[in-house]
Structure formats: C-alpha cells, structure tokens
Amino acid sequence: MRATKAYINLDNLRENIACVKSFIKEDVKMCIAVKADGYGHGAARTAIAAIQAGASVLAVASVQEGIELREAGIVAPILTLSLPLKEEIPSIIVHSITPLVFDEEFIEQVNEVAESMHRRVPVYLKIDTGMGRVGCRPEKAGELAEKISTSNGLYLEGCITHFAVSDSVAPENMEYTAFQVANFNKAIAQIKEKGIDPGICSASSSGGIFLHPEAHFDMVRPGIVVYGYYPDPALKEVLALKRGESVVLKPVMEVVTHVVAIKHFYKGESISYGRTWVAEEDCDVAVLPIGYADGLVRKLSPGLTVTIDGKQYPVVGRICMDQCMVCLGSKHNVKRWDKVTVFGYEEGCKTADDLAAAAGTISYEILCGINKRVPRVFIDNEKNY
Ligand SMILES: *Cc1c(COP(=O)(O)O)cnc(C)c1O
C-alpha cells in the first residue's frame, strides 16, 4: 500500500446527509451529486452510502460516470447534468441514465434513438433561470414540455434549474436567487397551463438547501455538503446565527502520507526547484511522497502546513510532481515512517477549506483534484451491503 492515501469516512458522509435531511421537509427527495468520482471520494461507494442514508437519485456529469455506477450494481435513477454527444445517446438509453434536455434538436435526437430502440425514456427539462449555463429560457419551457410529452419515445420526469449565488446571504445575491426562483415558478406554471405534469421539480444545490427553503421544491441536489463542506466557508457562521446552533458537517476525506526520510540541512542550504527556500539555520527536513500530481497543488507552497503527531510543520521549497519537503526545525520528535495528515477530519488538522484558501480556490477543486493514483481507503462502520 502506498504511503499516500485518502481515507474516505462513509460514516461521516451519512451524518452529513442526515444534516441535509434536517433542513428539508420529509417528502422532499434527495439527489446526491456524485459527479467527478464523487467529488474525488469514489463515486460508487459514495453513492451506495448515500442511498443507505436516504438519497433516491444520483447525479453525474458524464455518461461514462453513469455507466460506472451501473456497473457497480447501482439501480437508482441517475441524472447526467452535463450534455452528452449525440453519439452517446444510445448508451444513455441502454444504461437507463436520465438526460437533461432543453432544445428541440436534442429532444428530437433522443426521441429518435429511443423510438428506434422501442423505449420510452424519462428526461428532465433543464431551465436556465439565470445561471447562464445549460437550460432553455424560462418562456420556452411550456413549448418544450409539450414537445417532450407528445414524443413517442420520451416522457417528462421532471424540471430542473440551477442557482448561481444561492450560497450567499449578501442582499443582492439573495435577491438574484429570488429572481431565479420566480423564473422557475413561472416556467412551471406555463407547463401546467398546457395541462402537462412538470414532474419532479428541483432547484437547490447545497447553498439553496441551507438558505432558501422556499426553493426546495420536490427534490434537492446536495453535493459539497455531503462531503462535509459548506459551498462557501462563510456559511458556517451565517447558519450558526440563523439557527442558534452550529450545523456540524464532517469532512469525509482525509489525505495522509508518511515521512519517508528525514535529512539534516545546514544553514544556507536550499531546497527544491527554483531554490525558493534556504535554511535560515540548521534544521531537519522530512521528505513526503506526495506532490502536485497527487493533487497537492503547487500554489500551496509557500503557505501549507501539515500535521504530524498533532503539530503543524511548514512545507518548504516548491512542491514537486510526486514529493515535497517539510521543515521540522532543530528540535522535534518526528521519526521516519510517522503519519502525516495533509488535510481531513482529524482534530486540529487542516481542512480542504484551509488548502483552498491558501491556493486561491474552493474546497470542491481541492477534493476532486486528489488524483486517482492516491488509493482510497474506505472507513465504513455500517458495512451492510
Ligand atoms: C454540482 C451540481 C450540484 C451540487 O452542487 P453543490 O454546490 O456541490 O451542492 C447540483 N446541481 C447541479 C446542476 C450541479 O451541477
């Protein structure tokens, strides 16, 4: 087993889903986003644990991701949130993956393939209420819903929209989300006016779940919160104020490595590419077998500290592709082979939010950036499948 690994704590994941549940009404469904290999946590195991915890639908980005879940034996409905190529339509249907549609051309193409396979397949109508990504204009929703429900090969399973700023309580952002909700409601009303059942309506991702109960509709789509992080770290305080108690989310991923060597450096000697770090005094340095190819982005140096036996030590010199170095100072108790926590859920260690802040990004990118070559080790005290 490699020194560098990612522990994936599925007990924490189930607790995070229980937290989501405490924010929604009992009859609201949960569609868990497991795209990008479950935000880097391993899509299949994450999906199975999510279903155990009450999720009824899964969301992926690519068709391939959906197929991987099917091959893992998952039978729950799977939505593809991104747009496939025309050539992928047959495999969408073969694997019972539910596509999003929002224009005449694609509706016709999916219908044609479905008809040729003698199938009637569910689709979600994606409505762009202000995200500016995929989706039809709200005023086109009625017409497109009609096109879907009069096609022999399709039926309208539901309607979906996505928010751009639902994780922010800034007044202009609250207002913008309200505008998006109003657009969505108008589109749904238009579909109903045509005598068509809009099916399962869904708008909220993690931000909307916490801040916009009026936008939960029939199904919420939590992603990052399931993995133990707020969509914006500032939400932690916001929610504590709103609720009068803090909402406890538990990081699911813990990235660890081990000290594979300790070397002594004399004052004035430099470390790593570019010689950006020079020892100001004699010190010991630990070599860690983790680098940017594992997802430890180069921008984290200088600035990143790692945890060894409860103490923080700075990464010094540039992070390399497969390795990095950590200054232990002159007095320390670190030994070769000691465990090093890069980030995770362990008391006192860094979180993906800390790394994200240091690298100028968001926890999402840190988590799904942990490369495939880092083995995932699952912790699951409810191994009941
Ligand atoms: C990724 C995604 C989600 C989940 O978003 P989080 O912010 O991680 O909760 C929900 N809906 C859509 C359409 C998405 O692309």
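Both ligands and their constituent atoms are indexed starting at 1 by order of listing. Remember, predicted model here, so these are calculated numbers, not experimental data.
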query = Is it the side chain, the backbone, both or neither of R133 that has a heavy atom closer than 4.0 Å to ligand 1?
reply = side chain
remark   = In this structure, atom 11 (N) of ligand 1 is nearest to the protein heavy atom R221 NE, 2.9 Å
ask   = Taking heavy atoms and a distance under 4.0 Å, where does S206 meet ligand 1: side chain, backbone, both or neither?
value = both
task = May I ask whether Y364 places a heavy atom under 4.0 Å from ligand 1?
result = yes
ask   = Identify the closest protein heavy atom to atom 8 (O) of ligand 1: which residue and atom is it, and at what distance?
value = Y39 OH, 2.5 Å
request  = Would you please classify the geometry between the F217 ring and the F184 ring as parallel, tilted or perpendicular, with 30° and 60° separating the classes?
outcome  = perpendicular
message = Under 4.0 Å between a side-chain nitrogen and a carboxylate oxygen: does that hold for D294 and R2?
response = yes
query = Charged N to carboxylate O under 4.0 angstrom, R14 versus D380?
reply = yes
Pair E281 + K267, salt bridge at N-O below 4.0 Å = no
request  = Say whether S202 and R221, considering side chains only, have a donor N or O and an acceptor N or O under 3.5 Å apart.
outcome  = yes
ask   = Where's the contact between H162 and ligand 1, heavy-atom distance under 4.0 Å: side chain, backbone, both or neither?
value = side chain
message = Quick check: G223 and ligand 1, any N/O pair under 3.5 Å apart?
response = yes
query = Which ligand 1 atoms are under 4.0 Å away from a heavy-atom of I224?
reply = 6 (P), 8 (O), 9 (O)
ask   = Hey, are K147 and E108 close enough for a salt bridge, meaning a charged N less than 4.0 Å from a carboxylate O?
value = yes
ask   = At under 4.0 Å between heavy atoms, which part of L81 makes contact with ligand 1: side chain, backbone, both or neither?
value = side chain
note = shortest atom 1 (C) of ligand 1-to-protein heavy-atom contact is with K35 NZ, 1.3 Å
ask   = Does an N or O anywhere in P231 fall below 3.5 Å from an N or O of ligand 1?
value = no
ask   = Does a side chain donor of either S168 or N173 reach within less than 3.5 Å of an acceptor in the other side chain?
value = yes
key: Electrostatic pair D322:R373 at N-O distance under 4.0 angstrom   = yes
ask   = Which residue and non-hydrogen atom of the protein lie closest to atom 5 (O) of ligand 1, and at what distance in Å?
value = S205 CB, 3.4 Å
